[in-house]
Number of protein chains: 2
Amino acid sequence: MPGLRQRQKEYRQKRIASVAKTLFIERGYEKTTIEGIADAAGVSGVTVHNYFGTKAGVLLALVIENDRQLIDRLDESLENKTDDLVVLTTLFAKIVMEHALSNLAKVVWREVIATVTTNADSRLSKEYFKLDQQLALVLVRQIVALQKAGKVSERVDPLHLGKALFQIQNARFIQFISSDELTSADIEQKLRNDLEALFSVCRP
Amino acid sequence: MPGLRQRQKEYRQKRIASVAKTLFIERGYEKTTIEGIADAAGVSGVTVHNYFGTKAGVLLALVIENDRQLIDRLDESLENKTDDLVVLTTLFAKIVMEHALSNLAKVVWREVIATVTTNADSRLSKEYFKLDQQLALVLVRQIVALQKAGKVSERVDPLHLGKALFQIQNARFIQFISSDELTSADIEQKLRNDLEALFSVCRP
DNA sequence: AAAATATTTTTATTGAATAAAATATTTTAT
DNA sequence: ATAAAATATTTTATTCAATAAAAATATTTT
């Protein structure tokens, strides 16, 4: 039994997040103030701080919500699409980048990255990283499927490979959002270069 | 001929950076204020902003200086140390992590990462990224040497491989500084797992 | 030496973040 | 059902980063 106090807290929290999303879209991230969000949600500015810590924390809550959709979408979008690990990973990256930009501008994503690195052990950051882990597991599942189909050697460890591929993809994603110039095609090419080079190393 | 105005600017800039380093070490990053730095350097707070943009910008100037040392050191430290790409990369990572911690605390490094992602096209951030590129080239040179010694297949492209290895290493470095718990040994293990998994993929 | 130019400082403002005290609400115990 | 205890929010106040505009000052050029 959650109790009235608990429920009201959740209501308020959702109201703040919802109002913030509207303001971020209408006015942009920079021009949206905590006090503005608080006013529109009918609470005090301090309460917003108590709930989300920082302005970027409010944003993070929205990102988390939107990332859940991405994970669902990815499993379908990758199903039986390719036999090749390079193609699989670049396709994965392409979907991630497009989904990201469909929700938030690059400049806003930069704030997200900055927040999760500086406040890595806040509640919301931890949740963000959990979702990253789940994203890596999407790749792991695909690798397992390829292995069963005989397209990938039995010698490879799907878990470690999936995590490694996610790390590279993620590093390139961060590079993508860090620069206004770089297109998703640019990043796909860089990623392809990374993977081709790494896979050309065959050790005994 | 630089001119007096130019020279004084450089003096001031160096004085500010030097004073800031002392304060960061003595009082910690958080407790050091722009105004405090300005006072100690005998300039106005606005001037500090004009020169470095943000407080983290002052920090970045110090990081850049210290990173130059790292690059010199790496070339020597890796010379003829190993035949193996996994060992090479983990050793590289180990040196980078130890050098980083010998200069600044993790919590301060997080600010550096946050700054270069949010202000990716500021002057100082660009310089930071240039140094990252040079770090990648250290790996490239080592790969070329291994190739000449017949330890690495002629088929691999040293430039792309070096960049790819640096990306993975850097992603793990950021993970390292983002968590107080993770030791450099933890990260070395993760990196080894990444590389073993990637190198176990042998494509036609 | 005077004029033109560049740079810093002064002054002022906004907004994030945090802390402490005051107030209101909910929960628990009687 | 009510009083006491516990909990949460708001009010109030403060610090500091960041930015802008105008004024003051120093340097360079003529």
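Labels below follow one simple rule: chain letters A, B, ... track the order of the sequence lines, proteins then strands, and each chain is numbered from 1. Any value given below was found using the heavy atoms of this structure, including those in side chains, with hydrogens, waters and symmetry copies removed.
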In Watson-Crick or G-U wobble terms, both distances under 3.5 Å, what is the partner of D/dT30? C/dA1

If C/dT10 has a Watson-Crick or G-U wobble mate with both distances under 3.5 Å, name it; if not, just say none. D/dA21

Proximal nucleotide (of D/dT9, C/dT9, C/dG15) relative to the A/T33 side chain: C/dG15

OP1, OP2 of D/dT27 versus side-chain N and O of B/R7: anything below 4.0 Å? no

With a 3.5 Å cut-off and no angle check, do the side chains of A/R172 and A/Q175 form a donor-acceptor pair? yes

Donor-acceptor pair, side chain of B/K151 and main chain of B/L85, under 3.5 angstrom: no

Ignoring hydrogens and geometry, is there a side-chain-to-backbone donor-acceptor pair from B/H99 to B/N66 under 3.5 Å? yes

Between C1' of D/dT10 and NZ of A/K9, the distance in whole Å: 15 Å

Please determine if A/E127 and A/R68 form a salt bridge, counting it only when a charged side-chain N lies under 4.0 Å from a carboxylate O. yes

Show each protein N/O and nucleotides 20-24 of chain C N/O combination with a separation under 3.5 Å, one pair to a line.
none

Validation row: B/H160, A/E196 side chains within 4.5 angstrom (heavy atoms): no

Closer to the 5' end of DNA chain D via nearest nucleotide, is it B/G45 or B/Q8? B/G45

Output every pair passing salt bridge (charged side-chain N to carboxylate O under 4.0 Å, His left out) with a member in residues 104-121 of chain A, not counting sequence neighbours, ordered by first then second residue. A/R110-A/D180

OH on B/Y51 to CZ on B/R123, rounded to 0.5 Å: 11.0 Å

Cation over ring, B/K31 on B/F24, under 6.0 Å and within 45°? no

Among residues 48-64 of chain B, which contact DNA chain C at a heavy-atom distance under 4.0 Å? B/N50, B/Y51

